[in-house]
Amino acid sequence: MGSNPTPSAMNPPLTDEQAMRAALAEAVAAAAHHDVPIGAVVVRDGVVIAARHNERELTGDPTAHAEVLAVRDAASVVGHWRLLDCTLYVTLEPCVMCAGALVNARIGRVVYGATDPKAGAVQSLYQVCGDERLNHRPPVTAGVLADECGRLLKEFFAARRG
């Protein structure tokens, strides 16, 4: 993503819905190479600094989840691993691995679209981001464009089944 742009009067900071739409665009890109359509963006100072999508099928890497890839890219842009002033937007509630990565990256805030009752580790099955035993607990906003995020996943899996 190169330089670290900042919002201006002509380009105000992104809203949660606008940032989630950027994550949805990434999710569509994942489906194009047969990966589960999950997208993530990291926003700092109201501007997207990293945008990624699932690449497990593409790369054969089991850790190539959208969130992990976006956090790696954001850390590279910021120049260090602490992302306290960043917000991660992701189309599906993060799994255990991704929620752990967000806590370890000290992400400032987590926003997700659809809940994941089978593997969600932010609020559904586990509450990794809110666990008081951990040294970092980012605030979480759930349900941003949840219907659109969920519909994309349902359509993807319906097509695979049949």
Donor-acceptor pair, [X] side chain versus [Y] backbone, under 3.5 Å?
{"X": "Gln18", "Y": "Thr15", "answer": "yes"}
{"X": "His80", "Y": "Arg82", "answer": "yes"}
{"X": "Asn54", "Y": "Ala30", "answer": "no"}
{"X": "His136", "Y": "Ile107", "answer": "yes"}

Could you report the tightest heavy-atom contact between [X] and [Y], atom names first, then the distance?
{"X": "Ala121", "Y": "Ala99", "value": "O-CB, 3.9 Å"}
{"X": "Ala50", "Y": "Ala70", "value": "CB-O, 3.4 Å"}
{"X": "Gly39", "Y": "Glu26", "value": "CA-CB, 3.8 Å"}
{"X": "Tyr112", "Y": "Val122", "value": "CE2-CG1, 3.9 Å"}

Exercise for review: Quick one: do Leu153 and Val36 satisfy side chain to side chain contact (heavy atoms under 4.5 Å, CB included)? Show the steps, please.
Suggested key: CA-CA 7 Å; Leu153 288 160; Val36 176; 3.6 Å; yes
Hey, are the side chains of [X] and [Y] touching, using non-hydrogen atoms and a 4.5 Å cut-off?
{"X": "Glu55", "Y": "Asp61", "value": "no"}
{"X": "Val42", "Y": "Thr87", "value": "no"}
{"X": "Arg137", "Y": "Cys129", "value": "no"}
{"X": "Val111", "Y": "Leu88", "value": "no"}
{"X": "Met97", "Y": "Thr63", "value": "yes"}
{"X": "Ile38", "Y": "Val90", "value": "yes"}
{"X": "Arg109", "Y": "Tyr89", "value": "yes"}
{"X": "Val68", "Y": "Cys98", "value": "yes"}

Review point. Under 6.0 Å from the NE2 atom of His34, do we count more than 12 heavy atoms belonging to anything else shown?
Key: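 Incorrect, the count does not exceed 12.
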Practice item. Give the C-alpha distance, both sets of side-chain angles, the deciding distance and a yes or no for side chain to side chain contact (heavy atoms under 4.5 Å, CB included) between Val47 and Leu14. Key: CA-CA 7 Å; Val47 177; Leu14 292 175; over 6 Å; no
Distance check, rounded to the nearest 0.5 Å: [X] atom [atom1] versus [Y] atom [atom2]?
{"X": "Cys149", "Y": "Met20", "atom1": "SG", "atom2": "CE", "value": "5.0 Å"}
{"X": "Ile49", "Y": "Asp85", "atom1": "CD1", "atom2": "CG", "value": "7.5 Å"}
{"X": "Phe156", "Y": "Asp35", "atom1": "CZ", "atom2": "CG", "value": "7.0 Å"}
{"X": "Glu67", "Y": "Arg52", "atom1": "CD", "atom2": "CZ", "value": "12.0 Å"}
{"X": "Cys86", "Y": "Asp45", "atom1": "SG", "atom2": "CG", "value": "8.0 Å"}
{"X": "Gln123", "Y": "Leu125", "atom1": "CD", "atom2": "CG", "value": "12.0 Å"}

Are [Y] and [X] linked, directly or through intermediate hydrophobic residues, by side-chain heavy-atom contacts shorter than 4.5 Å (ILVMFWY only)?
{"X": "Leu24", "Y": "Val28", "value": "yes"}
{"X": "Leu69", "Y": "Val41", "value": "no"}
{"X": "Val110", "Y": "Val128", "value": "no"}
{"X": "Val96", "Y": "Leu134", "value": "yes"}

Check your understanding: Any ion pair linking Glu148 and Arg21 (charged N to carboxylate O, less than 4.0 Å)?
Key ->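 Answer for the salt bridge query: yes.
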Review point. Can a salt bridge be assigned to the pair Asp131 and Arg133 using a cut-off of 4.0 Å between side-chain N and carboxylate O?
Key: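 Yes, charged N to carboxylate O under 4.0 Å.
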Practice item. Evaluate the side chain to side chain contact (heavy atoms under 4.5 Å, CB included) criterion for residues Thr91 and Leu152: first the C-alpha distance (whole Å), next the side-chain angles of each, then the deciding distance (0.1 Å), finally the verdict. Key: CA-CA 9 Å; Thr91 57; Leu152 185 61; 5.9 Å; no
Practice item. Indicate whether the side chain of Glu93 and that of Thr115 have a donor and an acceptor atom separated by less than 3.5 Å. Key: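 There is no such pair (donor and acceptor under 3.5 Å, judged by atom type) between the side chains of Glu93 and Thr115.
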